[in-house]
Amino acid sequence: MKILHVETGQHLYGGAKQVAFLLDGLQELGVENVLCAPKNSAIALQTEAKNIPCRTTDSAGDLDWHFFWQARRIMKQEKPDLVHLHSRRGADVLGGIAAKTLGLPCVLSRRVDNREPGWVVKLKYRLYDHIITISRGIQTVLLDEGVAADKISCVHSAVDLALYQHPASREEFRQTFGLPEQVFSIGIIAQLIKRKGHRYLLQIVPELIRRHPDLRILVFGKGPLDAELKLYVQEHDLQNHVIFTGFRDDLERWLGCLDLVVHPADIEGLGVSLLQAAAAGVPIIASRTGGIPEIVRHEQNGLLTAPGDETALLEAISRLVSEPETRHSMRQAAQNIVTEHFSLQHMIEGNYAVYQRVLGT
């Protein structure tokens with residue numbers, strides 16, 4: 001079985017990280033893999049270092065027809081048994097059309113839960129032989145939009161639990177991020193984009209630090225809202241309590257040192273950063289939206305609040321800051337949930353089963 005994987009993310013987090021896990025796991029099952037990715041992207045460089053064939057493009061999709069012709073040429077040359085599209089941003093549509101014109105079976109991984117216009121749904125999803133959703137929440141969206149149930153499978157994203165079992169020492173954590181000795185640390189781990197909801201957390205920081213003066217918030221990630229969010233922090237004199245760390249490729253060292261992770265997203269397909277936090281045994285407060293409740297079980301490994309409800313978010317954070325026994329019980333529950341439902345083995349075998357189904361093997 002030969003699979004051509006198309007992933008257009010530039011950085012090795014979120015969906016691209018899942019593709020990297022999948023490539024490694026499928027290789028162990030004896031599957032022949034070829035990756036199609038942007039030139040000099042993180043996943044292309046990593047894949048080439050592991051001696052997995054990688055064909056690069058100078059476009060990442062974005063409804064750029066140059067990408068279509070490049071992807072189609074690669075598909076024609078590689079002659080895979082199946083094309084697996086892992087990205088959107090136009091690459092899902094253009095990649096689907098390219099596979100269709102060559103008569104190649106095509107599978108799409110859908111990682112977001114935003115709704116699409118009816119005419120888009122009718123035209124777009126006929127391009128694919130099967131759709132893999134990373135959460136039941138996304139699956140429900142597609143079913144509501146009229147995609148046939150037998151054309152959809154839910155295969156949860158996964159996390160390597162072992163990576164998060166040996167965090168840095170508390171002292172190294174404090175020194176690295178300039179934290180006081182008696183700190184209560186909250187992490188928000190997401191791209192700096194509007195739908196991740198950073199603004200909801202920042203707007204309640206003044207009241208949070210009035211109640212809990214030792215509280216510090218670490219903002220992990222980067223994105224187009226970087227300057228805007230930093231300006232907000234400066235204008236509201238929150239610099240001593242809000243720390244922007246930028247993108248970190250060593251999160252496994254620091255996640256287990258956090259007291260709490262907060263994820264106040266408006267929409268979220270699943271949330272790989274939440275899987276990472278759960279693997280590290282960190283209690284989570286997040287929005288009740290999309291696939292998040294599949295990771296964050298209310299009152300088990302965290303708390304759920306309505307998207308955009310700043311009052312509920314404030315009270316949830318304040319409660320867990322004040323309840324160390326609750327946080328302790330949530331830590332073990334978090335790792336149990338990851339082990340049972342979000343293991344790498346489940347994810348790899350789930351994708352492989354879809355390939356077999358589509359190819360009739």
Side-chain angles (χ1 to χ4, degrees), residues 5-10 14-16 18-19 36 38 57 59-72 75 83-157 190-197 199-200 223-225 263-272 287-294 306-308 354 358:
H5 301 264
V6 180
E7 167 57 49
T8 59
Q10 289 287 344
Q18 293 297 306
V19 177
C36 174
T57 68
S59 170
D62 296 322
L63 291 178
D64 176 357
W65 283 95
H66 184 51
F67 170 83
F68 165 79
W69 290 112
Q70 289 184 315
R72 188 180 188 279
M75 292 176 193
V83 174
H84 189 164
L85 303 170
H86 296 274
S87 299
R88 51 194 300 251
R89 299 172 51 202
D92 53 353
V93 174
L94 296 178
I97 295 172
K100 198 75 161 178
T101 62
L102 294 170
L104 293 172
C106 186
V107 169
L108 171 72
S109 280
R110 165 108 184 201
R111 302 184 181 280
V112 293
D113 65 343
N114 61 291
R115 295 183 178 273
E116 298 168 299
W119 67 270
V120 171
V121 173
K122 289 179 181 178
L123 292 175
K124 178 178 177 180
Y125 292 99
R126 67 177 61 178
L127 295 172
Y128 317 116
D129 294 271
H130 207 80
I131 301 110
I132 299 172
T133 66
I134 64 167
S135 72
R136 289 188 296 274
I138 300 173
Q139 185 176 28
T140 298
V141 169
L142 291 180
L143 290 171
D144 289 346
E145 292 180 336
V147 180
D150 62 359
K151 200 173 181 177
I152 310 170
S153 296
C154 175
V155 179
H156 283 124
S157 291
Q191 287 180 278
L192 307 186
I193 56 179
K194 186 176 180 180
R195 66 182 177 88
K196 298 296 183 179
R199 62 195 182 281
Y200 302 130
L225 292 185
H263 193 73
D266 288 315
I267 58 173
E268 187 67 79
L270 187 66
V272 171
S287 302
R288 188 182 286 101
T289 186
I292 289 177
E294 295 166 48
V354 171
V358 171

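The chain is numbered in sequence order, starting from 1.
Considering CD1 of Ile97 and NZ of Lys100, their distance stands at 11.0 Å, rounded to 0.5 Å. Note that OG of Ser109 is 4.5 Å distant from CD1 of Ile132, once rounded to the nearest 0.5 Å. Between Ser287 atom OG and Arg195 atom CZ the span is 12.0 Å, to the nearest 0.5 Å. Here the CD1-CG distance, from Ile138 to Asn114, works out to 9.0 Å after rounding to the nearest 0.5 Å. Distance check, rounded to the nearest 0.5 Å: CD of Glu145 to NZ of Lys122 gives 12.0 Å. In this structure, Leu225 CG and Ile193 CD1 are separated by 8.0 Å, a value rounded to the nearest 0.5 Å.
With respect to Arg115 and Asp144, a salt bridge is recorded, a charged nitrogen being found less than 4.0 Å from a carboxylate O. One finds a salt bridge joining Arg110 and Glu116 here, because a Lys/Arg side-chain nitrogen approaches an Asp/Glu carboxylate oxygen to under 4.0 Å. The pair Asp113-Arg136 does not meet the salt-bridge criterion, since no charged nitrogen lies less than 4.0 angstrom from a carboxylate oxygen.
With contacts defined as side-chain heavy-atom distances shorter than 4.5 Å, the pair Cys106/Leu85 qualifies. Between Gln139 and Leu142, every side-chain heavy-atom pair lies at or beyond the 4.5 Å cut-off. Here the side chains of Val147 and Ile152 are in contact, with some heavy-atom distance below 4.5 Å. Side-chain contact check for Val358 versus Val107: some heavy-atom pair is nearer than 4.5 Å. Side chains of Val6 and Phe67 form a contact here, defined as non-hydrogen atoms less than 4.5 Å apart. At least one side-chain heavy atom of Arg199 sits less than 4.5 Å from a side-chain heavy atom of Lys194. For the pair Phe68 and Val93, the minimum side-chain heavy-atom distance is 4.5 Å or more. Put simply, the side chain of Leu108 reaches to within 4.5 Å of the side chain of Tyr125, judged on heavy atoms.
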side-chain contact (heavy atoms from CB on, under 4.5 Å) between Val155 and Ile134, intermediate numbers included: CA-CA 5 Å; Val155 179; Ile134 64 167; over 6 Å; no
With salt bridge (charged side-chain N to carboxylate O under 4.0 Å, His left out) as the criterion, how do Asp92 and Arg111 come out once you've worked through the C-alpha distance, each side chain's angles and the decisive distance to 0.1 Å? CA-CA 11 Å; Asp92 53 353; Arg111 302 184 181 280; over 6 Å; no
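Take His130 and apply the ring-ring contact (aromatic ring centres under 6.0 Å, His included) test, not counting sequence neighbours, and it matches no residue. With sequence neighbours excluded, the residues that form a side chain to side chain contact (heavy atoms under 4.5 Å, CB included) with Ala148 are Asp150, Lys151. Annotation: salt bridge (charged side-chain N to carboxylate O under 4.0 Å, His left out) contacts of Arg288 (sequence neighbours excluded): none. With sequence neighbours excluded, the residues forming a side chain to side chain contact (heavy atoms under 4.5 Å, CB included) with Gln70 are Thr57, Asp58, Ser59, His66, Arg73, listed by chain and number. The ring-ring contact (aromatic ring centres under 6.0 Å, His included) search around Tyr200 returns none, not counting sequence neighbours.
Pairs engaging residues 85-104 under the ring pair (Phe, Tyr, Trp, His ring centres under 6.0 Å) rule: His5-His86, His84-His86 [sequence neighbours left out].
Side-chain atoms of Glu268 and Thr289 include no donor-acceptor pair closer than 3.5 Å.
In this structure, Ser87 and Gly9 approach most closely via the heavy-atom pair OG-N, 4.2 Å.
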